[in-house]
Amino acid sequence: MRVRSRVSEQTEQQNDEVVLDAQEAAAEIHRLEQQRRENREAVRGLGFNPYGQRADGLMTLAQAHDAYDEAADTENKDTTQAHKQAKRDNPDLPDADLPPVVDARPIVRVAGRVVLSRDNGKLVWLNLRDHTSDSFQIAISKRDCDENGFQLAKLLDNGDLVIAQGPLTKTKTGEVTCWASTLEPASKCLVPPPEKRLGLQDPDMRYRQRYVDMWSNPDTTRTLLLRSKLMSAMRRHLERHDFVEVETPVLQTQAGGAAARPFFTHMNALHLDLSLRIAPELYLKRLLVGGMPRVFEVSRNFRNEGLDKSHNPEFTSLEVYQAYGNYETMLELTEGLIRELAQIAASEQGISSNAMPFGELLIDYEQPFERITYSELFEKALGFSVGDMEKVRGACEARGFKTKSEDGTAIADIFLINELFEEVAEPMIDPARPTFVLDYPASLSPLTRPKPGTEQDPVPLADRWDLFIGGMEIGPAYTELNDPDVQAQKFREQLAGVDDEESTFRSFDEDFVNALKVGMPPAGGLGLGMDRIVMLLGNQRTIRDVLPFPMMKPLASAAGQQDAPQGETDE
RNA sequence: GGGGGAGUAGCUCAAUGGUAGAGCAACGGCCUUUUAAGCCGCAGGUUCAGGGUUCGAAUCCCUGCUCCCCUACCA
């Protein structure tokens, strides 16, 4: 008992502190929030818990809208009219002898956020929003709603969550409306909402406070839901093709599988410096060695590089590996997958034509994707072949590209070729036409199998393609390299010539080479930027718009609370 | 990294060196078929922060912070 009383004393003391803190804080609470707090207390005064409770039997707002029954509503209106008329004509007759009111209107129970309200005195109109409907009308009349519900309607603020129940009817202007018989609070919105018509406009606030953006701009929620549907459809598509989903390490002692600067972290228990993965590739291939024939991973990758409208430091790629496939297998899979996702995105967004809008473009995913080789595209754009080094150098110089590095040594031919390709040839790809660019130069693709028969060509090729849609690189696929000696050689080449800084995150993955020595089946491998696919199919301009919570620099006030950076930062 | 633009009431925006305003939201009042409800009334400001020029600064100058656009870098 003594213990308990001490505990309760302590609790009381703590409560006092909480009250004091709350009072202190109240001094700084904005007047608009204060008014909402007062409304919340008034709701409590009606006997409600302003934060609601479990509600069963809810319909979505769209379901409620569709549940409207024209015949029942008409019958109810007609019989009500007849009843009233008869009562006027025979005021002395008991109700039982008058023509009865027939009410077979469906009764719905719905929940949503108040986005509009109009108080007509004894009749209050609310418009609710949920993920299925931007606006569904509720009427709360003094005559037909219970008293507490009617009083509640008067105390609501825009942004509050409520639960309404009542029959469906149509107003004079033909709008399906729930004519509430009860109204309950579900949660209080203490934060003043954005402008009711325009929603939250400031892009910075939209990304920082997605929860506000989402309810005030319903398109945001629709895009994020579309993302979910596309991810789910992608999994189903791959599973239909006998691929299995796997999960491989995010924390890696050496980040491999791509050339990118990783993020670093530290594991206390093993005193181990680790990096976050930049790609799952090397682990997925190990699974092929072990005997999994068809694997995929939806991989969150982390790259310590710049941000722009198609780059976020963490992003989602789909990586797929198929034993006994090659890059053509991956091409067929990719085209089928993206076409199916486009069909789903079109039907989700009510687009009936083949052409999906993306900004100014209309992109057709139905007709076969364009295919062109790297050399063909190069020659088409530049007018000479990739192997014609004299003209390559000339063209680079004519365009003012660097042909020598800082120390005066000539830049390797292949980098000049690729510079021209990226600057001149890639922009010639029709952005409205999904296009596979096939057969890249082998020296640009260290983890790719060289294309047989081109080893002695001026520019040896690799079994690799890249898919371009809407001016964005969506992802590459390869016939994977499975010769351990060639792989080891490529690792060594990659390490040679990197500076000290890069060498801190490039390394020779001995264990991976060992895995190849055990024997990896020939395989096709694929990587697709899922964020970019959602951008394309959801017609969103930036990667931030398809991420629920894109990377944002902390505000100055928040940054001050964070630990100082451990080491030197860049630059 | 370079160039350009922006930051004003809770939100969306005006005010180009001379009294900081509007619409929406809020608050008080009236209203039982409104729907961007309406009518009457009332209130709301560290003009991003700090410094400077000026009799006088939201406005001009400097520094810093944040965002947007273009550009550059980036497998």
Side-chain angles (χ1 to χ4, degrees), chain A residues 29-36 38-39 77 114-128 134-145 150 153-154 156-159 169-177 179 189-209 212-213 216-217 256-261 278-279 281 301 303-313 315 317 415 418 422-423 440-441 443-448 464 466 473 475-476 478 494 502 506 527 529 541-542 544 552-560 570-571:
Chain A
I29 289 175
H30 192 274
R31 63 192 162 82
L32 293 175
E33 178 174 337
Q34 193 52 45
Q35 283 162 0
R36 284 166 177 260
E38 284 159 16
N39 285 341
K77 280 172 179 157
V114 177
V115 291
L116 279 175
S117 62
R118 298 173 293 286
D119 184 348
N120 287 17
K122 297 195 178 68
L123 177 63
V124 180
W125 302 91
L126 299 179
N127 287 78
L128 303 189
D134 293 354
S135 183
F136 178 79
Q137 182 164 272
I138 314 286
I140 300 98
S141 83
K142 188 164 174 57
R143 190 197 310 125
D144 298 312
C145 188
F150 179 72
K154 298 240 163 212
L156 290 174
D157 290 305
N158 282 351
T169 184
K170 262 188 186 174
T171 61
K172 278 179 184 168
T173 50
E175 179 159 352
V176 173
T177 299
W179 202 269
C189 178
L190 292 174
V191 180
E195 218 275 349
K196 68 182 181 184
R197 277 178 287 164
L198 302 169
L200 187 58
Q201 295 289 305
D202 179 21
D204 190 52
M205 290 279 280
R206 289 186 52 209
Y207 300 128
R208 288 185 194 281
Q209 299 192 19
V212 176
D213 179 34
S216 79
N217 299 316
R261 300 164 65 85
I278 55 175
E281 170 164 351
N301 299 327
R303 297 189 181 178
N304 208 338
E305 294 169 351
L307 295 76
D308 64 26
K309 55 175 175 284
S310 60
H311 293 82
N312 194 66
F315 65 98
S317 74
F415 292 120
N418 202 45
E422 289 183 357
E423 294 300 318
Y440 276 63
S443 37
L444 295 173
S445 310
L447 300 182
T448 311
R464 164 187 172 177
D466 243 311
E473 184 188 355
Y478 312 89
Q494 261 196 323
E502 275 193 60
R506 295 261 172 92
R541 210 170 45 84
T542 77
R544 287 180 159 187
M552 298 296 286
K553 194 170 180 174
L555 295 172
S557 57
D570 293 345
E571 277 76 43

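Below, chains carry the letters A, B, ... as their sequence lines are ordered, and counting in each starts from 1.
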B/rA37 OP1/OP2 closer than 4.0 Å to side-chain N/O of A/Lys196: yes

Between B/rC68, B/rG10, B/rU34, which nucleotide gets closest to the side-chain atoms of A/Thr177? B/rU34

Phosphate oxygens OP1/OP2 of B/rU32: is one of them under 4.0 Å from a side-chain N or O of A/Lys142? no

Among the nucleotides B/rA37, B/rU33, B/rU66, whichever has the atom closest to the side chain of A/Leu116 is B/rA37

Watson-Crick or G-U wobble mate for B/rG1, both contacts under 3.5 Å: B/rU71

Is there side-chain contact between A/Leu128 and A/Val114, with heavy atoms separated by less than 4.5 Å? yes

Out of B/rA75, B/rU32, B/rU34, minimum distance to the side chain of A/Tyr478 belongs to B/rA75

Quick one: label A/Leu32 by what it contacts on the DNA or RNA (base, sugar-phosphate, nothing), any heavy atom closer than 4.0 Å. base

Counter-base of B/rU66, judged by Watson-Crick or G-U geometry with both distances under 3.5 Å: B/rA6

Check whether more than 12 heavy atoms from other residues, nucleotides or ligands sit under 6.0 Å from atom NZ of A/Lys154, and answer yes or no. yes

When A/Thr171 and A/Glu305 are each assigned the nearest nucleotide of RNA chain B, the 5'-most assignment goes to A/Thr171

Rounding to an integer number of angstrom, what distance separates B/rA22 and B/rA43 when you compare their P atoms? 12 Å

Step-by-step side chain to side chain contact (heavy atoms under 4.5 Å, CB included) determination, A/Asn418 to A/Leu444: CA-CA 8 Å; A/Asn418 202 45; A/Leu444 295 173; 3.3 Å; yes

Within the 3.5 Å criterion, strictly below it, is a donor on A/Gln209 or A/Asp213 matched to an acceptor on the partner's side chain? no

Using the P atom as the point on both nucleotides, what is the distance between B/rC13 and B/rC48, in whole Å? 15 Å

May I ask you to evaluate whether A/Arg544 reaches the phosphate of B/rC68, defined as a side-chain N or O under 4.0 Å from OP1 or OP2? yes

Between B/rU12 and B/rC39, how far apart are the two C1' atoms, rounded to whole Å? 24 Å

A/Arg303 side-chain N/O to A/Ile278 backbone N/O, donor-acceptor pair under 3.5 Å: yes

Whole-Å distance between B/rC13 P and A/Leu200 CG? 10 Å

When the C1' atoms of B/rC68 and B/rA9 are compared, how many Å lie between them, rounded to an integer? 23 Å

Could you check how far CG of A/Asn120 sits from C1' of B/rC40, rounded to whole Å? 16 Å

For the side chain of A/Lys77 and the backbone of A/Lys170, is there at least one donor-acceptor N/O pair under 3.5 Å apart? yes

B/rC11 pairs with which nucleotide, Watson-Crick or G-U wobble, both distances below 3.5 Å? B/rG23

Let me know the distance between CD of A/Gln201 and P of B/rG7, rounded to the nearest Å. 15 Å

I'd like the C1' distance from B/rU8 over to B/rG44, given in whole Å. 14 Å

Output yes when a side-chain donor or acceptor of A/Ser317 lies under 3.5 Å from a complementary backbone atom of A/Gly527, and no otherwise. no

Base, sugar-phosphate, or nothing for A/Arg303, non-hydrogen atoms under 4.0 angstrom? sugar-phosphate

With C1' as the reference atom in both, quote the distance from B/rG45 to B/rG7 in angstrom, rounded to an integer. 15 Å

Between B/rU19 and B/rC62, how many Å separate the two C1' atoms, rounded to a whole number? 29 Å

Give the nucleotide from the list B/rU66, B/rC11, B/rC27 with an atom nearest to the side chain of A/Glu195. B/rC11

At under 4.0 Å, does any side-chain N or O of A/Arg118 touch on OP1 or OP2 of B/rA37? yes

Atom-to-atom span, CD1 of A/Ile278 to C1' of B/rC74 - whole angstrom: 12 Å

Taking side chain as C-beta onward, heavy atoms only, is A/Asp157 less than 4.5 Å from A/Cys189? no

Is there a side-chain contact between A/Lys122 and the phosphate of B/rU32, meaning an N or O under 4.0 Å from OP1 or OP2? yes

Side-chain contact check for A/Trp179: nearest option of B/rC67, B/rU33, B/rA25 is B/rU33

Whole-Å distance between B/rG45 C1' and A/His30 NE2? 10 Å

Atom-to-atom span, CZ of A/Arg197 to P of B/rA37 - whole angstrom: 9 Å

B/rU46 to B/rA20 separation - C1' atoms, rounded to the nearest Å: 14 Å

Phosphate OP1/OP2 of B/rC69 contacted by A/Arg541 side-chain N/O (<4.0 Å): yes

Checking all strands, does A/Asn39 fall into the base, sugar-phosphate, or nothing category for heavy-atom contacts under 4.0 angstrom? sugar-phosphate

For B/rA37, does either OP1 or OP2 sit under 4.0 Å from a side-chain N or O belonging to A/Asn127? no

Return whichever of A/Met205 or A/Gln137 has its heavy-atom-nearest nucleotide of RNA chain B closer to the 5' end. A/Met205

Nearest to the side chain of A/Glu175, which nucleotide is it out of B/rU34, B/rU33, B/rC67? B/rU34

